[in-house]
Amino acid sequence: GENVEQHPSTLSVQEGDSAVIKCTYSDSASNYFPWYKQELGKRPQLIIDIRSNVGEKKDQRIAVTLNKTAKHFSLHITETQPEDSAVYFCAASIQDFGNEKLTFGTGTRLTIIP
Amino acid sequence: GAVVSQHPSRVICKSGTSVKIECRSLDFQATTMFWYRQFPKQSLMLMATSNEGSKATYEQGVEKDKFLINHASLTLSTLTVTSAHPEDSSFYICSARANWGLARYEQYFGPGTRLTVT
């Protein structure tokens, strides 16, 4: 089955700086890569996703890049703000009706230092 | 749109009893729902995939007789933890997959249920 590794497990950055979180996946058939933000005791919230037919996607301060050859994808947060502090999870799945389960990475605890 | 609710949000039960958790998609139909378990400071681990009108598909290592899943309608899936033990204490989260357009790729998560077994 799919295996997703995520690094780093913890990350502290000064407010205003950029944060980068990286994930690698094992199954070359995976074609959908979402990123979730989870605050303590809350539900995971989808913040951005990318499909395998594109290499990069951006939404305001958040961007995701995908390298299918190397089987890795990254989350980039620019101009970080205190409210960006949370745990971020990457995930991978094969989007094929009847088989869409997500495999999550181990999470990155991001702390923004004011 | 795409709101998923869970009930209850917290439950405390005694060892040996059963607990039912409900997952509802409030404003869309979900033919597929997923049940996850999350231990403190850990990732989400998929327990089972729930399909409306058919049997759930359990992940390896998850006891289907202990974690009963019923997906009786397009908006409701239930997880029943039978004969609960303290080691079943965890945060249980469901998600529902949209089934329209490109949104069919996305999963929308419920707020989770914190189960404590004493």
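This one's a predicted model, so the numbers in the text were calculated from it and none came from an experiment. Throughout, protein chains are lettered first and strands after them, A, B, ... in sequence-line order, and every chain is numbered starting at 1.
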Checklist entry - For the atom pair CZ (Phe109(B)) and CG (Leu46(A)), what is the distance rounded to the nearest 0.5 Å? => result 9.0 Å
Checklist outcome for this item: From the list Pro34(A), Ala91(A), Ser9(A), Gly105(A), the residue making the most non-hydrogen contacts under 4.5 Å with chain B is Gly105(A)
Item to check | Part of Gln38(A) lying under 4.5 Å from any heavy atom of chain B | outcome: side chain
Next on the checklist: Tell me whether Lys57(A) at atom NZ has more than 12 heavy atoms from other residues, nucleotides or ligands lying less than 6.0 Å away.
Outcome noted: yes
Checklist entry - Which answer fits Glu59(B), side chain, backbone, both or neither, if we ask what part of it has an atom under 4.5 Å from a heavy atom of chain A? => result side chain
Checklist entry - Does atom NE2 of His85(B) have more than 12 heavy-atom neighbours, drawn from other residues, nucleotides or ligands, at distances under 6.0 Å? => result yes
Checklist entry - What is the minimum heavy-atom distance between Lys42(A) and Phe91(B), and which atoms define it? => result O-CE2, 4.1 Å
Checklist entry - Considering residues, nucleotides and ligands other than Lys41(B), do more than 12 of their heavy atoms fall under 6.0 Å from its NZ? => result no
Checklist entry - If you look at every heavy atom in Ser43(B) and Thr106(A), which pair is closest and at what distance? => result CB-CA, 3.9 Å
Item to check | Contact summary for Arg43(A) and Gly110(B), nearest pair of heavy atoms | outcome: CB-O, 2.9 Å
Checklist entry - Ile93(B) versus chain A, heavy atoms under 4.5 Å apart: side chain, backbone, both or neither? => result side chain
Item to check | Same apolar cluster: Leu76(B) and Ile69(B), side chain cutoff 4.5 Å | outcome: no
Item to check | Interface moiety of Gln38(B) toward chain A, non-hydrogen atoms closer than 4.5 Å | outcome: side chain
Next on the checklist: Can you tell me how far apart CG (Leu102(A)) and OH (Tyr36(B)) are? Round to the nearest 0.5 Å.
Outcome noted: 4.5 Å
Item to check | Pick from Thr57(B), Leu44(B), Leu46(B) with the largest number of heavy-atom pairs that fall under 4.5 Å of chain A | outcome: Leu44(B)
Checklist entry - Does atom CD of Glu79(A) have more than 12 heavy-atom neighbours, drawn from other residues, nucleotides or ligands, at distances under 6.0 Å? => result no
Checklist outcome for this item: Bottom line for Phe89(A): the part with an atom under 4.5 Å from chain B's heavy atoms is side chain
Next on the checklist: Is it the case that atom CG in Leu26(B) sees more than 12 heavy atoms from other parts of the structure closer than 6.0 Å?
Outcome noted: yes
Next on the checklist: Surrounding CD of Glu83(A) (heavy atoms of other residues, nucleotides or ligands, distance under 6.0 Å), is the total greater than 12?
Outcome noted: yes
Next on the checklist: In this structure, would Tyr36(A) and Leu110(A) fall into the same cluster of hydrophobic residues linked by side-chain contacts under 4.5 Å?
Outcome noted: no
